[in-house]
Undergrad: 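Have a look at this one before I ask anything.
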Amino acid sequence: MKYADKIEYSNIQLYETGDVQIENLVLKAARAGMGTIVVGPSALPLVNRMIKPEDHIKIDCALSYPSGAYLTFQKVQEIEDMLEAPEHVDEFYVVMQVGSYLSGYTDEMKEELKALVKAAKEIPVKIVTEISVFSREQMQELCDAAAESGAAGVVISADFLPYEVPEPSIRQVKEFVEAAAGRFQVIGAGNVKEPGRFLQMLEAGADTVNTPYGYEILMELNK
């Protein structure tokens with residue numbers, strides 16, 4: 001297994017994401033052979049200038065991050081604005097409205113996911129959620145909705161600190177992977193700072209893992 005292929009390298013979880021941090025993200029991704037970076041919209045001009053086709057690095061853009069507490073039409077507008085922008089984007093990360101879903105607005109959640117995927121047209125959409133606050137039944141319901149919407153993947157945590165949302169347990173990761181049943185990618189996330197937790201996420205069935213510590217993890221694993 002090539003561990004670099006299993007990392008979606010980001011720094012959107014961190015407060016300080018100026019030009020220096022974005023440049024370091026791209027340079028470290030290229031140096032370690034990571035194939036995906038995740039950034040916010042404001043980083044796209046710099047990222048697009050730095051990344052060349054021969055680098056084989058996909059650019060994922062995170063929208064409605066970190067809370068997702070926006071109305072569906074606003075998220076759709078975000079996507080449409082990005083499609084009209086000159087910068088290249090390979091995939092979208094879009095945060096769902098977790099609070100609304102937990103309040104019982106299930107139909108609205110399903111319609112939101114469908115609207116986001118439709119708005120993105122041919123660009124794959126990865127839905128960002130917080131599985132640690134879901135019951136097994138809610139995990140199953142979300143997975144069914146994500147599959148029906150045509151989402152390319154689900155990211156199991158926004159991983160934004162100092163959120164008062166608990167990190168997903170490995171048991172919850174396994175339960176979510178079972179509910180997904182191979183219908184879309186499961187992207188592990190949530191306090192992945194050490195090689196051990198990264199490997200646990202993969203062993204639990206995550207297809208890839210999103211972490212701002214991808215470079216350090218790979219350096220440690222490659223010792």
Undergrad: With a 4.5 Å heavy-atom cut-off, do Ile187 and Ile156 have their side chains touching?
TA: no
Undergrad: Has Glu23 got a side-chain atom pairing as donor or acceptor with Val20's backbone, closer than 3.5 angstrom?
TA: no
Undergrad: Which heavy-atom pair separates Val38 from Ala62 by the least distance, and what is that distance?
TA: CG1-CB, 4.3 Å
Undergrad: What is the distance from atom CG of Leu63 to atom CE of Met82, rounded to the nearest 0.5 Å?
TA: 6.5 Å
Undergrad: Test: salt bridge (Lys or Arg N to Asp or Glu O under 4.0 Å). Region: residues 170-192. Which pairs qualify, not counting sequence neighbours?
TA: Arg136-Glu175, Arg136-Glu178, Asp144-Arg183, Arg171-Glu175
Undergrad: Could you name each residue pair satisfying salt bridge (Lys or Arg N to Asp or Glu O under 4.0 Å) that touches residues 203-220, not counting sequence neighbours?
TA: Lys28-Glu216, Glu220-Lys223
Undergrad: Could you note down all residue pairs passing salt bridge (Lys or Arg N to Asp or Glu O under 4.0 Å) where residues 82-96 supplies at least one of them, sequence neighbours left out?
TA: Lys58-Glu91, Glu91-Lys126
Undergrad: Testing the basics here: between Cys143 and Ala180, what is the closest heavy-atom pair and its distance to 0.1 Å?
TA: SG-N, 3.6 Å
Undergrad: How about Gln138 and Leu142: do any of their side-chain heavy atoms sit closer than 4.5 Å?
TA: no
Undergrad: Please examine the side chains of Lys6 and Val209, heavy atoms only from C-beta on, and report whether any two atoms are closer than 4.5 Å.
TA: no
Undergrad: Which ILVMFWY residues are connected to Tyr105, directly or by a chain of links, through side-chain heavy atoms under 4.5 Å apart?
TA: none
Undergrad: What pair of heavy atoms forms the shortest contact from Gly33 to Ala4, and how long is it?
TA: O-CB, 3.5 Å
Undergrad: Give a yes-or-no answer on whether the side chains of Glu8 and Asn210 include a donor-acceptor pair shorter than 3.5 Å.
TA: no
Undergrad: Can you name the nearest heavy-atom pair linking Ala204 to Ile170, along with the distance?
TA: CB-CG2, 4.1 Å
Undergrad: Between Leu71 and Leu116, is there shared hydrophobic-cluster membership here, with clusters defined by ILVMFWY side-chain heavy atoms closer than 4.5 Å?
TA: no
Undergrad: Between the side chain of Gln21 and the main-chain N/O of Gly18, is any donor-acceptor distance below 3.5 Å?
TA: yes
Undergrad: Using a 4.5 Å cut-off on heavy atoms from C-beta on, say whether the side chain of Leu221 contacts that of Leu199.
TA: yes
Undergrad: Tell me, do Tyr93 and Tyr65 make a side-chain contact under 4.5 Å, heavy atoms counted?
TA: no
Undergrad: Considering only heavy atoms from C-beta outward, does the side chain of Val192 approach that of Ile217 to under 4.5 Å?
TA: yes
Undergrad: Hey, what do you get for OH (Tyr9) to CD1 (Ile37), rounding to the nearest 0.5 Å?
TA: 10.0 Å
Undergrad: Quick one, Asp55 and Lys52 - any side-chain contact, counting heavy atoms below 4.5 Å?
TA: yes
Undergrad: State whether the side chain of Lys75 and the backbone N or O of Glu112 hold a donor-acceptor pair below 3.5 Å, judged by distance alone.
TA: no
Undergrad: Stepwise, does the side chain to side chain contact (heavy atoms under 4.5 Å, CB included) test hold for Gln185 with Val154?
TA: CA-CA 6 Å; Gln185 286 184 308; Val154 174; over 6 Å; no
Undergrad: Please name the pair of heavy atoms, one in Pro212 and one in Asp159, separated by the smallest distance, quoted to 0.1 Å.
TA: CD-OD2, 4.3 Å
Undergrad: Are any side-chain N or O atoms of Glu130 and backbone N or O atoms of Val133, one a donor and one an acceptor, separated by less than 3.5 Å?
TA: no
Undergrad: Are Phe92 and Phe73 joined in one hydrophobic group, where the rule is that I, L, V, M, F, W and Y side chains link up if heavy atoms are under 4.5 Å apart?
TA: no
Undergrad: Check whether Leu102 and Tyr70 end up in the same hydrophobic cluster, where Ile, Leu, Val, Met, Phe, Trp and Tyr are linked by side-chain heavy atoms less than 4.5 Å apart.
TA: no
Undergrad: Any side-chain heavy atom of Val26 within less than 4.5 Å of one from Ile51?
TA: yes
Undergrad: Rounded to the nearest 0.5 Å, what separates atom NZ in Lys114 from atom OG1 in Thr72?
TA: 12.5 Å
Undergrad: Counting only N and O atoms by type, is there a donor-acceptor contact under 3.5 Å from the side chain of Gln140 to the main-chain atoms of Glu137?
TA: no
Undergrad: Does Ser100 use its side chain to pair, donor to acceptor, with the backbone of Gln97 at less than 3.5 Å?
TA: no
Undergrad: Does the side chain to side chain contact (heavy atoms under 4.5 Å, CB included) test come out yes or no for Lys193 and Asn191, once each step is laid out?
TA: CA-CA 6 Å; Lys193 298 179 179 179; Asn191 195 34; 3.2 Å; yes
Undergrad: Decide yes or no on side chain to side chain contact (heavy atoms under 4.5 Å, CB included) for Met201 and Val173, but give the supporting numbers first.
TA: CA-CA 7 Å; Met201 289 266 182; Val173 178; 3.9 Å; yes
Undergrad: Around atom CD of Glu54, are there more than 12 heavy atoms of other residues, nucleotides or ligands at under 6.0 Å?
TA: yes
Undergrad: Assess the side chains of Ser64 and Glu78: does a donor N or O sit below 3.5 Å from an acceptor N or O?
TA: yes
Undergrad: Answer yes or no: does atom CD of Gln74 have more than 12 heavy-atom neighbours from other residues, nucleotides or ligands under 6.0 Å?
TA: yes
Undergrad: For Ile127 and Val155, run side chain to side chain contact (heavy atoms under 4.5 Å, CB included): C-alpha distance rounded to whole Å, both residues' side-chain angles, the deciding distance at 0.1 Å, then the answer.
TA: CA-CA 6 Å; Ile127 303 298; Val155 187; over 6 Å; no
Undergrad: Kindly say whether Thr211 contributes a backbone atom to a donor-acceptor pair with the side chain of Gln13 at under 3.5 angstrom?
TA: no
Undergrad: Quick one: pull up CG in Asn11 and OG1 in Thr17 and give me the separation to the nearest 0.5 Å.
TA: 6.0 Å
Undergrad: Indicate the atoms forming the closest heavy-atom contact of Gly190 with Arg197, along with that distance.
TA: O-NE, 2.7 Å
Undergrad: Just grab all the ring-ring contact (aromatic ring centres under 6.0 Å, His included) pairs involving residues 127-148, residues at least two apart or on different chains.
TA: Tyr101-Phe134
Undergrad: Count the heavy atoms of every other residue, nucleotide or ligand shown that sit under 6.0 Å from CD of Glu148, and state whether that count exceeds 12.
TA: no
Undergrad: Which donor-acceptor pairs under 3.5 Å do the side chains of residues 40-49 make with protein atoms, sequence neighbours left out?
TA:
{"from": "Asn48", "atom 1": "OD1", "to": "His88", "atom 2": "N", "distance (Å)": "2.8"}
{"from": "Asn48", "atom 1": "ND2", "to": "Leu44", "atom 2": "O", "distance (Å)": "3.0"}
{"from": "Asn48", "atom 1": "ND2", "to": "His88", "atom 2": "O", "distance (Å)": "3.3"}

Undergrad: When rounded to the nearest 0.5 angstrom, what is the spacing between CE in Met96 and CG in Leu113?
TA: 6.0 Å
Undergrad: Which value, rounded to the nearest 0.5 Å, describes the distance between Ile22 atom CD1 and Leu27 atom CG?
TA: 11.5 Å
